[in-house]
Amino acid sequence: MATVRVQAEPFDVGAAMAALGAGRNDIGGIGCFVGTVRDTAGGRKITAMTLEHYPGMTERAMAAIAAEAEARFDLLGCTLIHRIGTLQPGAAIVLVLAAAPHRAAALAATGFLIDWLKTRAPFWKKESFADGAAEWVAAHDADAAAAARWQHG
Amino acid sequence: MATVRVQAEPFDVGAAMAALGAGRNDIGGIGCFVGTVRDTAGGRKITAMTLEHYPGMTERAMAAIAAEAEARFDLLGCTLIHRIGTLQPGAAIVLVLAAAPHRAAALAATGFLIDWLKTRAPFWKKESFADGAAEWVAAHDADAAAAARWQHG
Amino acid sequence: MSQPVRILYFAWLRERVGTAEEALALPEGVGTVAALIDWLRARGPGFAAAFAPGGSVRCAVNQDFATPQTTLAPGDEIAFFPPVTGG
Amino acid sequence: MSQPVRILYFAWLRERVGTAEEALALPEGVGTVAALIDWLRARGPGFAAAFAPGGSVRCAVNQDFATPQTTLAPGDEIAFFPPVTGG
């Protein structure tokens, strides 16, 4: 029941949510997260963000993350859409949707999906600054810690 | 920065999200929850759900809940839309949006907002069953427990 | 004559008492939510059933959640309703 | 002749080694990711910088995350990249 997509084009949150719920009346709640490009990083002005990925492995990794969420939570379906290419500040980068009979599972799965997507899917961000510099974003310890919350066993 | 609405009409998630982010590039993530009408309750088939509310107090309570979320979390804005009247299975009942510089605050605030909305805003649900019966929904202990997670002091 | 209070009833409470709204002068000696509930309960079987002791009736005064000890004054808007179930 | 392996480089690793992709026969004695990294490091200053000891290079073999101990075989798709930063 998982939908996984990598695309350059913008996504339509309402359409993705409608597709997830289409033809079913057993959903009690849909949790959702949309990540967007901020216009500053470390106090410096960002003019653009470019996302590179590893075609093939990306889709595999995203499908594995979705399958893990469906195994851990009482889900009726989930959707992961990640954009690639060059995006402007304010643009949406990533969409996570998780549908469940009850809200607790929907919201927990949403958090899990974005935490794992940030640490287990092969995407890399490069920030372009107003002063002309362009730098690869370093991985955040906070993201690794957030993902580690979901470890068990 | 909070938008609070009670309405009979369906809401447009994409439009609400766009309105929340309009003209600003400091948002890193938007958390979202949509509650929908399930077609069964306690094993019985539901044909419709009717929502009654307390006009005046509802808007006050929703604004107070939004203000509390903005005081507790590092938010850049939030949106609460709750529908009233008679809804069919599959229909969306409630929309919560929380925008923040970082995803942890956006997702935590989303959970807080829906938990408090369920226990502190004067709405009441009546379920119509396939056998012709109509019954007011009883408050769930689980909802009170979920809301109590956010108590402090 | 002092200003009346407005009393609102919602959900199954409204159905049980048979009215959505009424206006009345605060009865002599009724100064709190608890006292008003005692007074309403004595009004008839519908009210007695709606406000049965041990029930789960909630109250708001002037659109803020109230307790049995909350004091009442002429002109107040007083609402009775079951525990909320929105969201 | 055994089948070559395909090696992919991403993000700043790609920029540092100066290529996105190459195909080569697994060198004699190179049977693990760690051994391949040692071999690559000796290729020139770009590679030495990219694979500097103590760096944070990650590896995938056949599109699954790998460790230094992961074994390599002819025909494998081997990718090197920095810690991921998507989402």
For this session: Assess whether atom CD of D/Glu28 is packed by more than 12 heavy atoms of other residues, nucleotides or ligands within 6.0 Å.
Result: no
For this session: Count the heavy atoms belonging to other residues, nucleotides or ligands that lie under 6.0 Å from CZ of A/Arg5, then report whether that count exceeds 12.
Result: no
Just give me the residue among [options] that pairs up with chain D most often, heavy atom to heavy atom, under 4.5 Å.
options: A/Ala64, A/Ala121, A/Gly35; value: A/Ala121
options: A/Trp116, A/Tyr54, A/Phe123; value: A/Tyr54
options: A/Glu135, A/Arg83, A/His82; value: A/His82

Seminar exercise, completed: Residues of residues 69-87 of chain D with a heavy atom under 4.5 Å from any heavy atom of chain A, in residue-number order, are D/Glu77, D/Ala79, D/Phe81, D/Pro82, D/Pro83, D/Val84, D/Thr85, D/Gly86, D/Gly87
Problem set entry | Closest heavy-atom pair and its distance - A/Pro55, D/Gln63 | O-NE2, 4.0 Å
Exercise. For the atom pair CD (D/Glu15) and CD (A/Glu52), what is the distance rounded to the nearest 0.5 Å?
Worked result: 7.5 Å
Exercise. Rounded to the nearest 0.5 Å, how far does CG of D/Asp64 lie from CE of A/Met57?
Worked result: 6.5 Å
For this session: Counting only heavy atoms closer than 4.5 Å, note whether D/Arg14 contacts chain A via side chain, backbone, both or neither.
Result: side chain
Problem set entry | Which portion of A/Lys125 sits near chain D, non-hydrogen atoms under 4.5 angstrom | both
Would you list the atom pairs, donor with acceptor, under 3.5 Å between side chains in residues 137-145 of chain A and any protein atom, with sequence neighbours excluded?
residue	atom	partner	partner atom	Å
A/Asp143	OD1	B/Arg103	NH1	2.9
A/Asp143	OD1	B/Arg103	NH2	3.3

